[in-house]
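Just so it is clear, the values below take in all heavy atoms, side chains as well, and ignore hydrogens, waters and symmetry mates. Since the structure is predicted, the reported quantities are computational estimates derived from the model, not experimental observations.
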Amino acid sequence: MAALLAACAASSVDRKKEADARMQMGITYLDQRNLPMAMRELTRASELDPDNPEVDMMLGMTYKARGDLPKAEEYLRSAIDKNPDYADAHNNLGIVLASQKRWKQAVREFESAAGNVLYRTPEIAYYNIGEAYRMQNDPARAEAAYRRSLQLDERYAPAYLGLATVYGEKGKWEDAAAVLAQCVERIPDYAPGWMELGRANVRLKRNAEARKDFNTVLSVSSDPEMRKQASGYLSILPQEKR
């Protein structure tokens with residue numbers, strides 16, 4: 001009997017090791033956008049270790065990448081059922097719900113993630129809360145969420161863009177430009193920050209500053225579309241008078 005129990009325990013450990021290896025392969029395939037192989041490896045991992053919430057979450061993310069949002073939600077909820085404190089799963093479920101414009105449910109999931117003291121990136125959850133409120137035309141709550149995100153990580157670039165967007169939508173371009181100036185001061189190689197700062201300066205008719213911003217985009221970005229947009233602005237902005 002003791003030998004039998006030991007053999008069963010060893011078999012269980014081996015299954016979990018294989019499941020973990022397959023999950024890691026699945027994550028690699030997902031990162032490479034090889035969705036069929038990701039689904040194959042993660043499904044096998046789930047068969048080997050059906051109680052693993054991380055496998056369920058990654059299956060949910062694979063279904064999301066495939067555009068199958070109902071299945072993505074199903075697996076993310078399964079992950080949360082297995083581990084109610086799984087902050088990453090709450091945040092990712094919120095993203096799936098937000099993509100369906102189920103804003104109130106999405107905010108609840110983002111708040112669950114942000115409120116988890118063990119969550120390593122709460123700034124992302126607060127940014128997502130800001131986005132959800134902004135899309136619901138609630139700029140005050142959106143602004144508060146973006147600012148909370150930046151309090152947690154002053155180098156979290158998307159929160160600057162979100163906050164600047166809130167100000168821009170209210171016509172407060174001076175405030176938007178000030179936020180974006182902080183962004184590029186703290187993250188000098190962040191091309192989207194320079195692009196949006198240039199656009200804000202165009203709105204404010206600060207053409208010389210805008211030209212510098214768009215030229216910086218060309219210096220720091222290798223993205224063809226972003227470079228095309230910056231060049232387009234530079235082609236229509238008046239030249240500085242000598």
Between Glu131 (side chain only) and Tyr127 (backbone N and O only), is there a donor and an acceptor less than 3.5 Å apart? no
With sequence neighbours excluded, residues passing side chain to side chain donor-acceptor pair (under 3.5 Å) with Tyr167: Glu143, Arg147
Hey, any chance Met37 and Met25 share a hydrophobic cluster, counting ILVMFWY side chains that come within less than 4.5 Å of each other, even indirectly? yes
Which pair of non-hydrogen atoms, one from Phe214 and one from Arg199, has the smallest distance, and what is that distance? CZ-N, 3.7 Å
Can we say Lys212 and Glu209 salt-bridge, meaning some charged N sits less than 4.0 Å from an Asp/Glu carboxylate O? no
Which atoms form the tightest heavy-atom contact between Ala142 and Tyr133, and what is the distance? N-CB, 3.7 Å
So, taking the atom named CG in Leu35 and the one named CG in Asp68, what distance separates them when rounded to the nearest 0.5 Å? 11.5 Å
To the nearest 0.5 angstrom, please state how far the CG atom of Asn83 sits from the OG atom of Ser78. 11.5 Å
Taking side chain as C-beta onward, heavy atoms only, is Tyr119 less than 4.5 Å from Asn91? yes
Taking C-beta and beyond as the side chain, do Asp138 and Arg141 meet within less than 4.5 Å on heavy atoms? yes
Within the distance-only criterion (no hydrogens, no angle test), does the side chain of Ser235 pair as donor or acceptor with the backbone N or O of Gly232 below 3.5 angstrom? yes
Is any side-chain heavy atom of Met195 closer than 4.5 Å to a side-chain heavy atom of Gln229? yes
side-chain contact (heavy atoms from CB on, under 4.5 Å), that's the test. Do Tyr75 and Met61 meet it? Break it down for me. CA-CA 9 Å; Tyr75 276 96; Met61 298 309 294; over 6 Å; no
Can you name the closest pair of heavy atoms from Ala45 and Arg22 and give their distance? CB-CB, 4.1 Å
How long is the span from the OG atom in Ser219 to the CZ atom in Arg227, to the nearest 0.5 Å? 8.0 Å
Note, Leu59 side chain near Met39 side chain (heavy atom, < 4.5 Å): yes
When you look at Glu18 and Arg15, which way does the side-chain contact (heavy atoms from CB on, under 4.5 Å) test go after all the steps? CA-CA 5 Å; Glu18 183 182 349; Arg15 287 172 67 87; 5.8 Å; no
Any salt bridge linking Lys82 with Asp56? Criterion: basic side-chain nitrogen under 4.0 Å from a carboxylate oxygen. yes
Shared hydrophobic cluster, Tyr86 / Leu97 (ILVMFWY, side-chain heavy atoms < 4.5 Å): yes
Is it possible for you to say whether Phe110 and Leu163 belong to one hydrophobic cluster, with membership spreading through side-chain heavy-atom contacts below 4.5 Å? no
Side-chain touch Ser99/Leu69, heavy atoms, less than 4.5 angstrom: yes
Do the side chain of Ser221 and the main chain of Leu218 share a donor and acceptor less than 3.5 angstrom apart? no
Taking it one step at a time, do Glu47 and Arg44 satisfy salt bridge (Lys or Arg N to Asp or Glu O under 4.0 Å)? CA-CA 5 Å; Glu47 292 169 352; Arg44 182 58 180 145; 3.3 Å; yes
Return all side-chain donor-acceptor pairs below 3.5 angstrom for residues 174-191, not counting sequence neighbours, or 'none' if the list is empty.
unit_1	atom_1	unit_2	atom_2	d
Glu174	OE1	Arg206	NH2	2.6
Glu174	OE2	Arg206	NH2	2.9
Arg186	NH1	Tyr160	OH	2.7

Determine whether the side chains of Tyr29 and Arg40 contain a donor N or O and an acceptor N or O closer than 3.5 Å. no
If we ignore angles and hydrogens, is there a donor and acceptor under 3.5 Å between the side chains of Tyr233 and Arg211? no
Going through the checks in order, is the side-chain contact (heavy atoms from CB on, under 4.5 Å) test met by Arg77 and Leu93? CA-CA 7 Å; Arg77 290 194 184 280; Leu93 177 57; 3.7 Å; yes
In this structure, CG of Leu30 is separated from OG1 of Thr62 (nearest 0.5 Å) by 4.5 Å
Look only at the side chain of Asn116 and the backbone of Asp85, and say whether a donor-acceptor pair between them is shorter than 3.5 Å. yes
What closest approach, in Å, do Ala79 and Pro53 show between heavy atoms, and which atom pair accounts for it? CB-O, 3.3 Å
Under 3.5 Å: donor-acceptor pair, side chain of His90, backbone of Ala125: no
Hey, any chance Val107 and Leu152 share a hydrophobic cluster, counting ILVMFWY side chains that come within less than 4.5 Å of each other, even indirectly? yes
Please check: side-chain N/O of Thr165 versus main-chain N/O of Leu161, any donor-acceptor pairing under 3.5 Å? yes
Going through the distances and angles, do Gln24 and Thr28 end up as a side-chain contact (heavy atoms from CB on, under 4.5 Å)? CA-CA 6 Å; Gln24 296 305 324; Thr28 299; 5.6 Å; no
I'd like to check Val166 versus Lys170 (side-chain heavy atoms, cut-off strictly below 4.5 Å). Are they in contact? yes
Taking all non-hydrogen atoms of both residues, which atom of Ile80 and which atom of Ala89 are closest, and how far apart? CG1-CB, 3.7 Å
Sort and list the pairs that fulfil salt bridge (Lys or Arg N to Asp or Glu O under 4.0 Å) and have at least one residue in residues 93-118, not counting sequence neighbours. Glu73-Arg102
Test item: Glu74 and Tyr63 side chains (from C-beta on) under 4.5 Å apart, heavy atoms: no
Once you round to the nearest 0.5 Å, how far does CH2 of Trp173 lie from NZ of Lys205? 12.5 Å
Pair Asp213-Asn201, side-chain donor/acceptor within less than 3.5 Å: yes
Report yes if the side chains of Glu169 and Pro139 come closer than 4.5 Å at any heavy-atom pair, otherwise no. no
Distance, nearest 0.5 Å, that separates CE of Met58 from CG of Leu76: 9.5 Å
